[in-house]
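The structure appears right after this line, and notes come after that.
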Amino acid sequence: MKFELPRLLYAVEALAPAIGKETVEFHYGKHFLTYINNLNGLIQGTKFEHSDLETIVRESDGAIFNNAGQVWNHDIYFRTLSPFPKPEPSGKLLEAIKKSFGSFSDFKEEFSRSALSLFGSGWTWLYKKDDGTLAISQEQNAGNPIHSRMGTPLIGCDVWEHSYYLDYRNKRVDYIANYWKILDWKAIEDIFVK
Ligand code: MN
């Protein structure tokens, strides 16, 4: 299966000032594309040559996983950002957040703390467990809740330096504060109800 760069749902400059044009050009147009090209090259002649992406993410390791994980992760990352985001969750997703974290603001605080405290490169996730409750996890490098078999990812916040360094230099805390402003709860609700 040959993987392709998914279409960006907004213009490269549309997320500014939260995430600037140059960051999107490099992060989407170069980093994400490189993971896709690497993956297409690495799976040739392996048992994953004709697998779908989720199967590869779940079952591979080493270099194939590193690239497959990053392809999956960047797809959800860019898909859940928007220049016109739904600013807060509602309905069943809001109920699940309240049940699992107390309130929406308690959830945001815990998620922000997780994203800020992750050492090195990786992702903070909100995911749905098999019992329907929600949880937050930190994963190093390309890790995600599919690979670690913890549940269904709903939000993936990229805290690799390439996602914020051009805009915020070393200030990850400011990146996270602004990430909330472009996170589209409509897109997340669509994943949640699937
Ligand atoms: Mn990234």
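Quick note: residue numbers are just sequence positions, from 1.
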Residue pair Ala142 / Phe65: nearest heavy atoms and the distance that separates them
O-CZ, 3.5 Å

Test side chain to side chain contact (heavy atoms under 4.5 Å, CB included) applied to Leu93 and Leu134, step by step
CA-CA 9 Å; Leu93 179 54; Leu134 305 181; 4.1 Å; yes

Show your working on side chain to side chain contact (heavy atoms under 4.5 Å, CB included) between Val71 and Asp75 and close with a plain yes or no.
CA-CA 6 Å; Val71 171; Asp75 180 54; 5.7 Å; no

Who pairs with Glu109 by salt bridge (Lys or Arg N to Asp or Glu O under 4.0 Å), at least two apart in sequence or on another chain?
Arg113

In chain order, what residues pass the side chain to side chain contact (heavy atoms under 4.5 Å, CB included) check against Glu88, with sequence neighbours excluded?
Phe104

Check: Ala18 main-chain N/O paired with Tyr175 side-chain donor or acceptor under 3.5 Å
no

Kindly write out the residues that satisfy side-chain hydrogen bond (donor to acceptor under 3.5 Å, both in side chains) with Asn37, not counting sequence neighbours, or none if the list is empty.
none

Not counting sequence neighbours, which residues clear side-chain hydrogen bond (donor to acceptor under 3.5 Å, both in side chains) with Ser148? List them please.
Glu139

Sequence neighbours excluded, the answer for side chain to side chain contact (heavy atoms under 4.5 Å, CB included) partners of Asn144 is Val57, Trp72, Asn73, Trp125, Ile146, His147

Can you sort out the partners of Ile191 under side chain to side chain contact (heavy atoms under 4.5 Å, CB included), two or more places apart, ordered by chain and number?
Ile76, Arg79, Thr80, Leu154

Given side chain to side chain contact (heavy atoms under 4.5 Å, CB included), test Phe107 with Leu126 step by step and report yes or no.
CA-CA 10 Å; Phe107 156 71; Leu126 174 69; 3.7 Å; yes

Would you check if Trp123 and Cys157 make a side-chain contact, meaning some heavy-atom pair closer than 4.5 Å?
no

Lys/Arg-Asp/Glu bridge criterion (N-O < 4.0 Å) met for Glu161, Arg172:
no

Which residues pass the salt bridge (Lys or Arg N to Asp or Glu O under 4.0 Å) test with Glu25, not counting sequence neighbours?
Lys21

Tyr35 and His31 aromatic ring geometry - parallel, tilted or perpendicular at 30°/60° bounds:
tilted

Determine the interplanar angle of the Tyr179 and Tyr77 rings, folded into 0 to 90°, and report it as parallel if under 30°, tilted if 30 to 60°, perpendicular if over 60°.
parallel

By salt bridge (Lys or Arg N to Asp or Glu O under 4.0 Å) - contacts of Glu54 (at least two apart)
Arg58

Polar side-chain atom of Asn141 near backbone of Gly122 as donor-acceptor pair, under 3.5 Å:
no

Is there a path from Val159 to Tyr165 through hydrophobic residues (I, L, V, M, F, W, Y) whose side chains come within less than 4.5 Å of each other?
no

Who pairs with Asn170 by side-chain hydrogen bond (donor to acceptor under 3.5 Å, both in side chains), at least two apart in sequence or on another chain?
none

Do you know which of Leu39, Leu42, Ile64, Leu53 makes side-chain contact (heavy atoms from CB on, under 4.5 Å) with Phe48?
Ile64

Report the residues that fulfil side-chain hydrogen bond (donor to acceptor under 3.5 Å, both in side chains) with Thr23, sequence neighbours left out, ordered by chain and then residue number.
Asp167

Taking atom types as modelled, is there a side-chain donor on Trp185 or Ser90 under 3.5 Å from an acceptor on the other?
no

Atom NZ of residue position Lys86 - does it have more than 12 heavy atoms of other residues, nucleotides or ligands inside 6.0 Å?
yes

With distance as the sole criterion, is a donor-acceptor pair present between the side chains of Lys47 and Ser51 under 3.5 Å?
no

Evaluate His74 against Tyr28 for ring pair (Phe, Tyr, Trp, His ring centres under 6.0 Å), listing each step before the verdict.
CA-CA 8 Å; His74 284 83; Tyr28 171 81; 9.7 Å; no

Mind checking what makes salt bridge (Lys or Arg N to Asp or Glu O under 4.0 Å) contact with Lys186, not counting sequence neighbours?
Asp190

Flag this pair as yes if the NZ/CZ of Lys108 is under 6.0 angstrom from the six-membered ring centre of Phe111 and inside a 45 degree cone about the axis; otherwise no.
no

State which residues pass side chain to side chain contact (heavy atoms under 4.5 Å, CB included) with Thr152; sequence neighbours excluded, sorted by chain then number.
Lys128

Assess whether side chain to side chain contact (heavy atoms under 4.5 Å, CB included) is satisfied between Asp158 and His27, documenting all intermediate values.
CA-CA 10 Å; Asp158 189 346; His27 197 185; 2.9 Å; yes

